[in-house]
Amino acid sequence: MAAAKGSGGREAAARPRRGGRGEAGVTSAGGAMAIFSVYVVNKAGGLIYQLDHYVPRSDTEKTFSFPLDLVLRPRDERVVVAFGQRDGIRVGHAVLAINGAEVSGRCTADGKDVLEFLSNPANYPVSIRFGRHRLSSNEKLMLASMLFAIGSQLSPEVGSSGIEMLETDTFKLHCFQTLTGIKFVVLADPRQAGIDSLLRKIYEIYSDFALKNPFYSLEMPIRCELFDQNLKLALEVAEKAGSFGPGS
């Protein structure tokens, strides 16, 4: 079962659905453990920094003949698989491209409705690329703010600051909250070790290269090249060593 812990270490009431077993993307290329992404959220719940360090490849492109043997439905301004799975294409995967041209929401590259295009036998055979929908910046901002609001409100512990760790079959979400309310979030392979040390290392990098930057304003988005460089280096060290020792 997926589980979330409050900042006091007790299990909270947030229990998201688990990812399906065997899904591509739980490890990086070559089977090594991986750190997927890093988020920094200010005390008001706003996303001020986000880095996709490793994005598992889940896209599948196939050529289909008519009729299409997958049931597609519109959902949240995109077209997704509602029924039928084959060759790595799963329920919930979105239509990303048709005949090599990227799809924009529910429309093809030339502005045609995706569902109407795929219902016309004259358009077959057709090459369709399916995969996980890429979250937009606004979606990431919304999810980051919702995550901690839900965690703190559902927790049976009075005064909980939100989720400390959330675990599924395919990833773990780790959170470290500072005394000033800044939250550092890391999404990683479930087997990745040393995340607690990594979170504190990220806090150290934030203190050295964001807070000490005279051009940085508190609570605002972090745009600092030195912060980016040192954060990426820290993620690489964590993936290889699993932890941080003295002086690292």
Side-chain angles (χ1 to χ4, degrees), residues 2-12 14 26-28 32-55 140-141 143-145 147-152 155 157 159-168 170-214 216-248:
K5 293 182 180 179
S7 59
R10 300 196 179 194
E11 187 172 316
V26 296
T27 57
S28 61
M33 290 174 283
I35 296 169
F36 301 137
S37 54
V38 175
Y39 296 81
V40 181
V41 181
N42 64 22
K43 62 183 179 182
L47 183 65
I48 59 174
Y49 185 86
Q50 189 268 328
L51 171 69
D52 288 325
H53 178 63
Y54 171 72
V55 180
K140 291 175 180 177
L141 177 62
L143 291 173
S145 60
L147 176 65
F148 300 101
I150 291 173
S152 58
S155 174
E157 292 293 320
S160 171
S161 59
I163 293 172
E164 182 180 272
M165 192 273 287
L166 181 150
E167 182 177 1
T168 75
T170 55
F171 73 93
K172 279 186 181 180
L173 180 149
H174 305 258
C175 174
F176 171 66
Q177 177 169 307
T178 70
L179 295 176
T180 57
I182 297 292
K183 302 175 184 70
F184 300 91
V185 181
V186 169
L187 272 67
D189 184 290
R191 302 169 298 167
Q192 177 70 49
I195 298 297
D196 288 343
S197 298
L198 173 62
L199 285 167
R200 284 161 177 78
K201 182 67 175 181
I202 296 174
Y203 181 28
E204 178 184 319
I205 293 170
Y206 168 77
S207 300
D208 287 343
F209 300 103
L211 293 185
K212 294 179 182 178
N213 184 340
Y216 175 68
S217 299
L218 287 175
E219 306 293 311
M220 298 302 291
I222 301 170
R223 298 185 177 91
C224 175
E225 186 175 349
L226 286 176
F227 178 84
D228 290 335
Q229 292 174 353
N230 283 272
L231 175 58
K232 291 174 183 177
L233 178 61
L235 298 181
E236 292 172 2
V237 170
E239 285 181 327
K240 292 177 181 177
S243 63
F244 286 87
S248 56

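Scope of the values below: all heavy atoms of this structure, side chains included, with no hydrogens, waters or symmetry mates.
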Rounded distance (nearest 0.5 Å) linking atom CG of Asn213 with atom CD1 of Ile222
10.5 Å
For the atom pair CG (Leu226) and CZ (Phe209), what is the distance rounded to the nearest 0.5 Å?
6.0 Å
With Tyr203, which residues qualify under ring-ring contact (aromatic ring centres under 6.0 Å, His included), at least two apart?
Phe176, Phe184
Write down the atom of Phe171, the atom of Pro190, and the distance for their closest heavy-atom approach.
N-CG, 3.6 Å
Sorted by chain and number, sequence neighbours left out, side chain to side chain donor-acceptor pair (under 3.5 Å) with Asp208 holds for Lys212
Going by the side chain to side chain contact (heavy atoms under 4.5 Å, CB included) test, name the single residue among Val186, Leu47, Leu51, Ile48 that passes it with Tyr39.
Leu47
His174 and Glu164: CA distance, side-chain angles, deciding distance, side chain to side chain donor-acceptor pair (under 3.5 Å) verdict:
CA-CA 6 Å; His174 305 258; Glu164 182 180 272; over 6 Å; no
With no hydrogens and no angle check, is any side-chain donor or acceptor of Gln50 less than 3.5 Å from a backbone partner on Val40?
no
Could you work out, with side chain to side chain donor-acceptor pair (under 3.5 Å) as the rule, every residue matching Lys43, not counting sequence neighbours?
none
Mind checking whether Leu173 and Val185 have side chains closer than 4.5 Å, heavy atoms only?
yes
Is any side-chain heavy atom of Gln192 less than 4.5 Å from a side-chain heavy atom of Glu239?
yes
Residue pair Phe227, Ile205: steps toward the side-chain contact (heavy atoms from CB on, under 4.5 Å) verdict:
CA-CA 7 Å; Phe227 178 84; Ile205 293 170; 3.7 Å; yes
What's the spacing between Tyr206 OH and Leu211 CG if we round to 0.5 Å?
4.0 Å
Spacing of NZ belonging to Lys201 relative to CD1 belonging to Ile195, to within rounding of 0.5 Å:
14.5 Å
List in chain and number order the residues that pass salt bridge (Lys or Arg N to Asp or Glu O under 4.0 Å) with Asp196, two or more places apart in sequence or in another chain; answer none if no residue qualifies.
none
Of all residues at least two apart in sequence or in a different chain, which pass the side chain to side chain donor-acceptor pair (under 3.5 Å) check with Thr178?
Thr180
Heavy-atom distance under 4.5 Å between the side chains of Asn42 and Ile182, does that happen here?
yes
Say you draw a straight line from NE2 of His53 to OG of Ser37; how long is it, rounded to the nearest 0.5 Å?
10.5 Å
Sequence neighbours excluded - side-chain hydrogen bond (donor to acceptor under 3.5 Å, both in side chains) pairs with any residue from residues 217-228
Tyr49-Asp228, Glu225-Gln229
Report the distance from atom CD of Glu236 to atom CG of Leu231, rounding to the nearest 0.5 Å.
10.0 Å
